[in-house]
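Count residues from 1 along the sequence.
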Amino acid sequence: MPSTSEVGHAKNVANFADLIAYCTAYGATYNPSKTALQIVSLNTLYTSAQTELANVTTAKNAFDTVTGDRQLAFEPLKSLATKVINALSVTDATEQTLADAKTINNKLQGKRATPITETPPPENGNPPSNTVSVSRQSYNMLTENFSALIDLVSSVPSYTPNETDLSVASLATFRDNLQTANTNVTNAEVTYSNARISRNNTLYTKDTGLVDIAMDVKNYVKSIFGATSPQYKQVSGIKFTNRVS
C-alpha cells in the first residue's frame, strides 16, 4: 500500500492533468505569454512528472526486494554461528580462544557479556534520548563480527569439521553472500533516494516546479476571466500541496 506522502505526490500530478484539461477547453482564450504556462509546456511538465513518479515506484520496489533478500540471507546467521561455536568446542582450541569465540557469538546473538541493570522507563514511557543499543545488530556489524569468528576458527589447526556448512571455506562464502546482500541494499537505497530527489525537483522546485506552475496557471485564469467567474471557480478548487518528502 503506497504511503500517504507517495499518494500526495501522485495526487498533485493527477490534479495537474485536470488543470490542463480545463485550460485546454478554454481554447484560444487561454493564451499566456509566459512559455511555461502554455499548453504545450504544461503537457511536457505533466509527462515529466509522470515519469518521475514511475521512477520512484520502480526504485522503491527494487529497494524493497533487495531488503527482503537481505533479511533472508541473514536469517541463518545466528544459528550457524552457534553451530560453529559447538564445533570449535570439540577441537584442541585453548580456553581463551573458545572464550573469545563465545564473546563474538554473544555479539552476533545480540547479548552482552555482562548483563546491565535495567533502568525503569520514565513516566512518559519513552526511553532516555541517550540510550545506546547494546545489541550491535546492524547488518554491517553482524557481518564484521561473523568475519571475526571466521578469522578466529581459521587460526585453530584442529578446526576441520566434516560438516560442509561449517568448513572455513563455506563460512567465508556465506559471509561474502551477506556482504553482497548488504551492498545491494545500500545501492538500491541510493537509487531510491536519488529518484525521490529528482521527483521532488520536478514537482516542487520554486517557480519552475509543477506545484508553483499550477499556482501561476490559476492566477492567469483568474486574470483573464475574473475572480468570480465560473472558469476560475473550476480551477481554483483543484488542490496542490507542497510535500517534499
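- S158 places no side-chain N or O within donor-acceptor distance of the main-chain N or O of T91, the cut-off being under 3.5 Å.
- Atom OH of residue Y26 and atom CD1 of residue I224 lie 8.0 Å apart, to the nearest 0.5 angstrom.
- Side-chain N or O atoms of N105 include none that pairs as donor or acceptor with a backbone N or O of A101 at under 3.5 Å.
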Would you list the atom pairs, donor with acceptor, under 3.5 Å between side chains in residues 207-214 and any protein atom, with sequence neighbours excluded?
unit_1	atom_1	unit_2	atom_2	d
D212	OD2	D207	N	2.7

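- No donor-acceptor pair closer than 3.5 Å links the side chain of S193 to the backbone N or O of V190.
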Exercise for review: Determine, step by step, whether N86 and V90 satisfy the side chain to side chain contact (heavy atoms under 4.5 Å, CB included) criterion, reporting the C-alpha distance in whole Å, the side-chain angles of both residues, the deciding distance to 0.1 Å, and the verdict.
Suggested key: CA-CA 7 Å; N86 291 335; V90 294; over 6 Å; no

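- Taking 4.5 Å as the limit, every side-chain heavy atom of E52 sits out of range of all side-chain heavy atoms of N201.
- Checked against L149 for a side chain to side chain contact (heavy atoms under 4.5 Å, CB included), the options L88, D100, L171, I85 give a single hit: I85.
- The only option from L37, I238, I20 that meets the side chain to side chain contact (heavy atoms under 4.5 Å, CB included) definition with V217 turns out to be L37.
- In this structure a side-chain-to-backbone donor-acceptor pair under 3.5 Å is missing from Q50 to V13.
- Side-chain atoms of T202 come within 3.5 Å of backbone N or O of S198 as a donor-acceptor pair.
- Proximity of a side-chain donor or acceptor of N145 to a complementary backbone N or O of I104 within less than 3.5 Å is not detected.
- By the neighbour-count criterion of 12 heavy atoms within 6.0 Å, atom CD of E75 is densely surrounded, having more than that number from other residues, nucleotides or ligands.
- Closest of all the heavy-atom pairs between F225 and T29 is CZ-CG2, 3.6 Å.
- Proximity of a side-chain donor or acceptor of S170 to a complementary backbone N or O of L166 within less than 3.5 Å is not detected.
- Nearest heavy-atom pair across Q38 and S33 is NE2-O, 3.7 Å.
- A side-chain donor-acceptor contact under 3.5 Å links S155 to the backbone of L152.
- In this model, no donor atom of one side chain and acceptor atom of the other lie less than 3.5 Å apart for Y30 and Q231.
- In this structure, K218 places its NZ atom where more than 12 heavy-atom neighbours from other residues, nucleotides or ligands lie under 6.0 Å away.
- Y232 contributes no side-chain N or O that, together with a main-chain N or O of S223, makes up a donor-acceptor pair within less than 3.5 Å.
- Between D69 and N184, the closest side-chain pair of non-hydrogen atoms is not below 4.5 Å.
- Residue Y192 comes nearest to A59 through the heavy atom pair CA-CB, 3.6 Å, listed as atom of the first residue, atom of the second, then distance.
- In this structure, H9 and L53 have side chains that are in contact, with non-hydrogen atoms separated by less than 4.5 Å.
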